[in-house]
Amino acid sequence: MPDQRALLFINASQLVTCAGPPRARRGKEMAEIGILKNSAVAVSDGRIAMIGAASDLRNAYADAEIVDCKGGVLTPGLVDSHTHAVFGKARFEEHEQRAAGLDYMEIANRGGGIHASVRDFRARPEDELYAMAADRLRELASYGTTTVEIKSGYGLTTDDELKALAVIGRLAERQPLRTVATWLGAHEIPHEYRTDSSQREKFIDALVDVQLPKVVEQGVARFADVFCEPGVFTVDETRRILEAARRAGLGLKLHADELKPSGGAELAVQLEATSADHLAAVSHQGMAALAKSDTVATLLPGTMLFLGKSKQGPARELIDQGAAVALATDFNPGTSPTVNFPLIMTLGVSQLRMSLAEALIATTVNGAAALGLAGEIGQIAPGFSADLALFSITDIRELPYWYGARLCVGSWKAGAPCHPYESVTKFHARPPEVVPTG
Ligand SMILES: [Zn+2]
């Protein structure tokens, strides 16, 4: 956007840059977020041009449009690197069924679970799915997310998977968030391939030989993902699908070790996948392998919370061993129907025992790295895309603290509004706490 007017962000109580090397931060590096005070940010042609004292920047960018941060906190736009945001109906009835003690299989037998989403998805036209997803992306943006990865995976036929990716392609063109599309044709074995055991291999043959080439030809998907979990896809099946995807030019992701350790994390490292996601049941060997690799360990604590599990991904151990950890919402209708990404940071701190800094790096720089975008987004530094989020707080530690609150009052992708800046009177950062005397 070469003709975009320059922007000057002034009056932030904190400018949290997350600036550093353009790659995933690992281990102790995750503790550094770079908090600047009395600093302004100039944006030119959609990129961060300069950071410095407001008076200096006003001189250098005299024609810039001023964005008054009114004492709020300005951060990199949040990067949600794992969602299933293109789906049809909600599945709230399963929430109660789980609370009443029904397990996954019983819910599936009553017509629920992922197959319910698949039936519903197949029946809906693309336009309708697009409209539903666009609304949901607006909600995601309203909490500070400016980049969202979206997976297919509720179609499970070639035509329906292409329909999902086409919806994601339209979202990329028509709505303001940055989107990254992932082909998850191997989300589950669909009902029509469950009639006998030989069907399973036929489904995987069709994925690799028919669906994958069409997905690549369509050109929307950037990554391939497989649900590698006992009862879904085995390690060997996952390897076969992902090796084919890699040969076809896609980046790799895995749903790995969510409920049981099956070697998913180890496979992700062997395949040099960009990320291994879930990991609530990762083995010690899997953790050690991740810590020595460039594969980002993406944890999804909202899912475990919503499913009522007491177990969470081992963020502390992973970081202490030197791994790069990201957090994401896993936004989906079955197991994590939340659009509130800062709430996931809260869970990172409260349940995964991450520091605020680690949780913020996990939702910015490392989210970007989990999408292969660490050189483009995730930090406020000269040359990076001007993807920014403004929150009505005066200290970044408040972001996960006021849990569940919607604190975002504006966000931008490449300098263009994602969540409209509430510029008039609607917000003011909370004044600093009054310290009682005497
Ligand atoms: Zn998922």
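Count residues from 1 along the sequence. Indexing begins at 1, ligand by ligand and atom by atom, following the structure's order.
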Using distance only, find each side-chain donor-acceptor pair of residues 286-294 under 3.5 Å and give its atom names and separation, not counting sequence neighbours.
unit_1 : atom_1 : unit_2 : atom_2 : d
S293   : OG     : L290   : O      : 2.9
S293   : OG     : T295   : N      : 3.0

For residues 161-178, run the donor-acceptor check on the side chains, cut-off 3.5 Å, and write out each pair with its distance to 0.1 Å, sequence neighbours left out.
unit_1 : atom_1 : unit_2 : atom_2 : d
E161   : OE1    : S152   : OG     : 2.5
E161   : OE1    : G153   : N      : 3.2
E161   : OE2    : G153   : N      : 3.2
E161   : OE2    : G155   : N      : 2.9
E161   : OE2    : L156   : N      : 2.8
K163   : NZ     : F121   : O      : 3.0
K163   : NZ     : R122   : O      : 3.4
K163   : NZ     : R124   : O      : 2.6
K163   : NZ     : D160   : OD1    : 3.4
R170   : NH1    : E126   : OE2    : 3.1
R170   : NH1    : D127   : OD1    : 2.9
R170   : NH2    : D127   : OD1    : 3.1
Q175   : OE1    : L177   : N      : 2.9
Q175   : NE2    : L171   : O      : 2.9
Q175   : NE2    : L177   : O      : 2.8
R178   : NE     : D387   : OD2    : 3.0
R178   : NH2    : S385   : OG     : 3.0
R178   : NH2    : D387   : OD1    : 3.1
R178   : NH2    : D387   : OD2    : 3.0

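A distance of 10.0 Å separates OG1 in T145 from CD1 in I344, rounded to the nearest 0.5 Å.
Ring pair F87/F331 is perpendicular by interplanar angle, where above 60° counts as perpendicular and below 30° as parallel.
The ring pair (Phe, Tyr, Trp, His ring centres under 6.0 Å) check on H191 picks up H115, with sequence neighbours excluded.
Annotation: protein N, O or S atoms under 2.8 Å of the Zn ion (ligand 1) (waters excluded) comprise H82 NE2, H84 NE2, H255 NE2, D330 OD1.
In this structure, D120 and K89 approach most closely via the heavy-atom pair OD2-N, 2.8 Å.
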